[in-house]
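This is a predicted model, so every value here is computed, not measured. Letters go in sequence order (proteins before strands), and every chain restarts at 1.
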Amino acid sequence: MKRLSLAVLVIALVFVVSGLVFADNNDTFVDIDMGNIDSLDPHFQYDSASAEIVANVYENLIQFKPGSLTEFEPLLATEVPTVENGLIKNGGKTYIFPIREGVQFHNGNELTPEDVKYSFLRALIQDRSGGPVWMLYEALFGVGTSLKSISSEVVRVDDPKELTPEQSAEVYAYLEKAIEIDGNNVIFHLAEPYPPFLSILARNNGVSAILDREWCIEVGDWDGQPTSIAKYYDPTKEADPLYYKMNGTGPYMLTEWVNGERTVLTAFENYWREPAKIKTVIIRSVDEWSTRKLYLQRGDADSVHVDAQYLSQVEGMPGVKVIKDLPRMANTVGIMNFNIVTEGNPDVHSGKLDGKGVPSDFFSDIHVRRAFSYAMPYDIFIKEAVQGRGQKARGPITAQLLGFDENSPVYEFNLEKAEEEFKKAFNGELWEKGFEITILYNTGNSERKNAVDMLKFFVEQINPKFKVNVRGVQWSTYLDNLVAGKFTIGFMGWGADYADPHNFVVPYMRSDGAFGGVKGENYVNWAKENVDPLINEGAVTVDPVRREEIYKELQNIAIEQALDIYLYQPEAHYVFRDNVKGFVYEPTLHPGLYFYDLYKE
Amino acid sequence: MEWREIVYKLFKNKISLVGLAIIIIMALVAIFAPWIAPPRNPAEPYYIPRAGWMSEPQPPSRDHIFGTTEGQYDIFYGIVWGTRTAFMIGFVVVGASTLIGIILGTISAYYGGWIDEIIMRITDIFMSIPFTIAAIVMTTILGRGITNMMIALITFNWMSTARLMRSQVLSVKGEEFVQAARALGASDLRIIFKHVILNTIFPVVVQASMNMGSIVITASTLSFLGIGTPEGYADWGQMISFARNWIIGGQGNALKYWFTVVIPGTAITLFCLSWNLIGDAFRDILDPKMQ
Amino acid sequence: MLSYIVRRLAILPIILLGVTLLIFSMIMRLSPYERVSTFVKDPSQLKGGVAQLDELIEKHGLNDPWYMQYGRWLKGVFRGDLGWSESAGMPVTQALKERFAATAEITLFALIPVIVGGTFLGIFAAVHHNDIWDHITRVLAIIGWSFPTFVFGLIVLMIFYGVLGWFPPGRLDNWALSIVNSPEFTNYTGLYVIDSILNLNFRVLGNAIRHLVAPVLSIAILWWAYLMRITRSSMLETLGKDYIRTARSKGLKERTVIYKHVVKNALIPVITVSGQMLIGLMGGLVVTEAIFDIRGIGQFLAQSAQQLDYAGVLGGAIYFGFVLIIVNLIVDVSYALIDPRIRLE
Amino acid sequence: MAEVLAEERKLLEVKNLKKYFPVKAGILRKTVAYVKAVDGVSFHINEGETLGLVGESGCGKSTTGHTILRLLEATGGEVIFDGKDILSLNKREMREARKDMQIIFQDPYASLNPRMTIGEIIAEPLIIHKLARNKEERREKVAWLMESVGLAADHMNRFPHEFSGGQRQRIGIARALAVNPRLIIADEPVSALDVSIQAQVINLLQDLQKKFSLTYLFIAHDLSVVKHISDRIGVMYLGKIVELADKDELFNNPLHPYTKALLSAIPIPDPEYKKERIILKGDVPNPVNPPQGCPFHPRCPMAKDICKQVAPELKDYGNGHFASCHLLEE
């Protein structure tokens, strides 16, 4: 027995010592993240983990100038269209992009204008449900369009999966009109002027990434034929050839991918610019924070994902640098439901204004909404719940974007004003009788739990007859409640798809927005009349001054009406080993990294 | 052996006496919780009051003698009221699942034939679902909360008792005293209760007493997975899982957040230990060969 | 015995059908909107608004009657296709295959130290029955049993990786992973320890073993306690048997009595426990895998259950049902082989 | 005189009783064969009489006893007790009928519930059949029963493990007596006891028979035990009765070679008697696959060809002396 254990010990020691020699390789960058990648197909993916890979492998026609969200520089195009250089014409309805020559795809194929046209049409044809292609449709064909709506308009077929080859060709012809090749130029014809168009085309937005036509056809993607829309429309992930294969023009090639485990990118030596300095990028997914932290601490990771509440654990860690206070194009907002469905809904309790519940139209009363907006301790939330990693939101539009006004009126935390508003609500009846309400949060999200806990704490202090309950539910239940209109207040986050205020006012305010649309009939009716026209005008206004006015006005309406509880705008932070250099913050890629900029010393 | 004798021997065994003492102290804490840690809101005493919203745990201080855990939940309060939760989870889950196990195991073995076949296949089916999957799916369906968590635990915790009971009953069923009772004209129910269960229950009791401790651990694993008690509920397991992201310490001080692990950890361990000691002692006493 | 084995295996499909139906009917109690949350994992993915959810429900047939949905799935199973796991982002069969290797490797390497250590502790405690060593061993074992795995796991990780840097998490270092994934390295089993031996690459072997130490240790702490208790009580029972008394009265040395006579007979329950452990480990260790960054079955199952990825859950259940029945069968058969009194019927 | 009268009344009549146990094998657990534990047994017992049933272990005698009481369900045949067909009674009627027929078990250690006190054990039949109006009366009855079987009534609160085998068997007897039965099946009641105790228990049974006018079916594996207590004796071999006769007739004039062999094994105290011991060859055959013809033929010292082919029938050879053997027919 003793001899055996001794032998085991010796063997163990040998292994320990032999493994201690760790070659620190300046060519390799290890990034430790969390979660899965949804898809490697640039037109299919719509989440930040996928976007990071796509942004390093595929390229777009243009990109933002470093540090700017309004100015562009060329990428696969050789010039950024402006009215001045004559590449934006026809009152903002025609965009011309001269395509760069001598650019190679990873498989050696040369980039042509045909590839560009194919890429956009392929995106338009794929138009997967819940996917990002609506951005292209809205820009090219107008608000609310999709392959479905066009198919039903052009050939009266509601489901593009049922298009016959002839009908398919007709629909295709309609789509093709928007994208034209002229020599070495690709010309986009927009149905209406659409100022955010360039934002949508810029790098980091996969929906306008450029594919290799020849290669796509080879691997079984859309064959480029007008007649085959039905076959390639809205595929499932498993039926999408580009789900796990990549071939772009970007600085990195995909060399290995095991979803949820590890992705390996290798520098593309024939890249049209200088090849990347970091030769190998390994992106791994580790969900456990403590494990990620140890990887960083031991130097086995060059960059890790850190949640805001744990940032204090890595600040001051030897050999680690934290880059923080970076503005993000995202915000968190408490959505208030104007018509809570009371039937079979325990969260409204009695469902009446009797002190033992809340009526369906509880939040239709502007005073209730204002009172809740005053009862939210914004500064405490930012200081304690997110460790100061954010700033107060001033309405739906985030800072740096057009129409954001640092001096606009906002709700401050003020319990006296909240009390005043509560007294006015329902002609004073609410104050007399009190209410009981339950607010849900989806479990696992401590930020939203904190926000709801704070509301409970302060609202209950205003009047002993006010009772706020907090209930944590699984995400699936939360979603179901949202769709069924049973939620009372729901804290939601929105991250920009592209850098334009339009992308914020639509979801939050428009009657059919992602969040506006679930706030009930009272809201929808009000919004249709009061904000929809303004939002739609903003989308097609070319004049930046007028646009700014429109968004400022929308912000003012949002605050005036207390449409939502505008909680905060989070800030970004990145954590690196301190030998990592060259990082340039790109808000459109957050929390991903553009590895091309990086190098190690 | 007689009950009185068992209790007597239980008291004579020093190590089980330690277990018994800890359980009694914990029971007292549970009973007097409202006086030891008065709730801030008497309507919902099981929700730990928060001393702020910061995530970083705060060390023990005058106001919070055991410190606070992530999210500023008071550890002392959580420990005191968590005693009630532990007993509740233990008694309800172990009680209910043992009862189900006893009933199904007895019916299965006593009646045999196709009844046995069906019950055992159902047992197999329930055993073939990994516990975590089952618990997650069930809490997703029922919603999070302590009652639902207990329902999920009960639903997937009775199988081993049923099997144990079945094998016990099978061995007792053929005994002559059972035949004798039948010859006397005793009804099935009487035979089952008076003769069969009385002679098979002790191994089940031993199993149950050990289960009392481990079920609290299982509940804590559910909290770790985010499907246990609601966040902020006074539950030791959840308090430990609050420590999850702080266990490996702060900058330059690996033990900086020791209190978030050590205090609730001690509570769970003592609880589990005591029940196990009692169970062990039970088994030693009941095994006639140990005499 | 052969007919016993065949009969037990014949029950397998019935059990699997029952299990999948049970799980499926549980999941089907949820509304289509709840089930579509598989495809929309977070509020930030609600980009297309509520209308997109209806499209997704339509696309994935979540609104169909349950028997149609189950039938679709079952039809795939008969073709050897367990469906697409949305939570893993790959087909279920592929996910199970990839994760099986990690789980199997840990199981293989945990089993040996656990059985050796656990039985040794049990024998030790039984030999010292009721003296101080017995009490100490038992209390330590119970403490090991009573502490949540994630606490132990994180502490092991902190000491052996964070402070000492000896045993890193994950299955291999990055350099070793590149070797393993290169074309020169043949993956025979997916178990790196075995594959590296077959490829005669001992650097990778050393690395793979280094990565196994910490998770195996944290598993062992838990199971040592369990096995120790079982061995102890079974030892005590055997010690009380007549033939042991006889052996003692013959004047044999206590050591000889214990190792020649008692241990052999007391080890029979070890088979049962090893079976249980094998089942437990093969079912995956959600917590250990999460902490030690091992992509195993446990992580996969927990993730698919949490995301209501029913193909993943059902695939996992089929896998687990297989493991359970096969391992139980092995346990029964080895019982019969070891103890001639047991007959399988 | 009373005895003569009683002899004319058949209390229990067993006709062609069969109890087969299925043997299952194969993947589908099909029944491939039967163990014919009891294969067409017929006899009767008159009121007040004791019938001894003797045979080697495994011959089906205990199974016969259990099947009569429906502790096992019969495969075929009839059991008529006091004019009622016991096998056709439903559950409720059967429970009622059990008051009249009781059993004393072989193993005094296994037949008493170890977790009940003696008082509870003996009181149980009183509770089941509601034979006492209240607790007090029940206690009195239990005490009286205990005294009747020679136990001290103040041991009522003790547990079985505190008693010796003989005392336990007395407890078992007291329990059987509690319902005031007419028939008692004594299933090898003394075989587990020391020889010195055996006589005491048999004497007790005889005393009780007189006192309570009981009828006994006394099962034993040894003729010497039943010699004293039985009025008539049946000899069983492989699930069948091979010989049935008055005690004296059987002992003095055994007809069947098997009975002869059994008798030759009894030590006789009379030194004058020249004993010719017959040693049986071989073992009892496997009951799953009993030999063709006369089941005894492989071991019979006088077996002929016919014995191997045809099973003999149980026939009356005068004076109520039944036997089944081809040799007798010549």
Side-chain angles (χ1 to χ4, degrees), chain B residues 1-9 102 106 110-118 120-121 165 168-206 282 285-291, chain D residues 29 62 65-66 68-72 89 91-117 120-131 157-162 168 171-173 175-179 181 184-185 187-188 192:
Chain B
M1 194 177 307
E2 207 188 337
W3 280 102
R4 267 169 290 167
E5 207 177 327
I6 293 164
V7 173
Y8 172 73
K9 282 192 174 163
I102 288 176
T106 309
Y110 188 81
Y111 291 101
W114 60 269
I115 295 178
D116 182 29
E117 190 66 21
I118 288 176
M120 288 332 283
R121 289 298 82 77
M165 197 64 193
Q168 288 285 315
V169 172
L170 276 181
S171 70
V172 168
K173 171 174 121 162
E175 298 269 351
E176 279 192 346
F177 66 83
V178 175
Q179 299 276 337
R182 189 169 306 139
L184 289 170
S187 63
D188 282 352
L189 273 182
R190 185 179 174 87
I191 292 175
I192 289 173
F193 281 107
K194 269 269 161 181
H195 299 277
V196 175
I197 291 190
L198 208 63
N199 281 285
T200 50
I201 197 84
F202 281 111
V204 176
V205 170
V206 172
F282 249 133
I285 292 167
L286 293 172
D287 194 336
K289 289 165 203 100
M290 300 283 108
Q291 311 289 308
Chain D
R29 311 296 299 146
S62 284
H66 285 118
I68 292 169
L69 289 177
R70 284 183 72 181
L71 294 177
L72 294 169
L89 297 181
K91 245 185 163 174
R92 200 175 46 79
E93 291 165 340
M94 188 61 213
R95 205 174 300 153
E96 199 52 35
R98 289 189 187 286
K99 258 200 289 190
D100 292 330
M101 28 202 319
Q102 273 304 312
I103 181 165
I104 298 167
F105 287 94
Q106 175 178 7
D107 184 353
Y109 294 89
S111 61
L112 303 179
N113 186 338
R115 306 228 181 262
M116 285 166 94
T117 63
E120 285 169 343
I121 290 172
I122 300 174
E124 188 171 25
L126 304 175
I127 296 168
I128 293 168
H129 294 289
K130 302 191 179 65
L131 296 176
N157 291 327
R158 294 197 182 173
F159 285 88
H161 68 265
E162 296 171 66
R168 287 185 189 215
I171 297 165
I173 294 168
R175 172 174 61 187
L177 286 177
V179 291
I184 288 184
I185 297 179
D187 182 10
E188 302 199 46

P114(D) side chain near F177(B) side chain, heavy-atom distance below 4.5 Å: yes
Which portion of Q106(D) sits near chain B, non-hydrogen atoms under 4.5 angstrom: both
For Q102(D) against A183(B), the heavy-atom pair lying closest together: NE2-O, 3.1 Å
Sub-4.5 Å side-chain heavy-atom contact between R175(D) and L184(B): yes
Interface moiety of K91(D) toward chain B, non-hydrogen atoms closer than 4.5 Å: side chain
Heavy-atom proximity to chain B below 4.5 Å, by part of M94(D): neither
Residue pair H195(B) / R115(D), side-chain heavy-atom distance below 4.5 Å: no
Side-chain heavy-atom pair M116(D), K194(B) within 4.5 angstrom cut-off: yes
Interface residue of largest heavy-atom contact number with chain B, from I128(D), V179(D), N113(D), under 4.5 Å: N113(D)
Residue, of G172(D), A176(D), P125(D), A97(D), that accumulates the most heavy atom pairs under 4.5 Å with chain B: P125(D)
Portion of I104(D) that has a non-hydrogen atom of chain B nearer than 4.5 angstrom: neither
Contact winner vs chain B - R95(D), E96(D), E120(D), heavy-atom pairs under 4.5 Å: R95(D)
Main-chain N/O of D107(D) paired with E176(B) side-chain donor or acceptor, under 3.5 Å: yes
Salt bridge E124(D)-R190(B), side-chain N to carboxylate O under 4.0 Å: yes
Interface moiety of L71(D) toward chain B, non-hydrogen atoms closer than 4.5 Å: both
Contact summary for A180(B) and S111(D), nearest pair of heavy atoms: CB-O, 4.1 Å
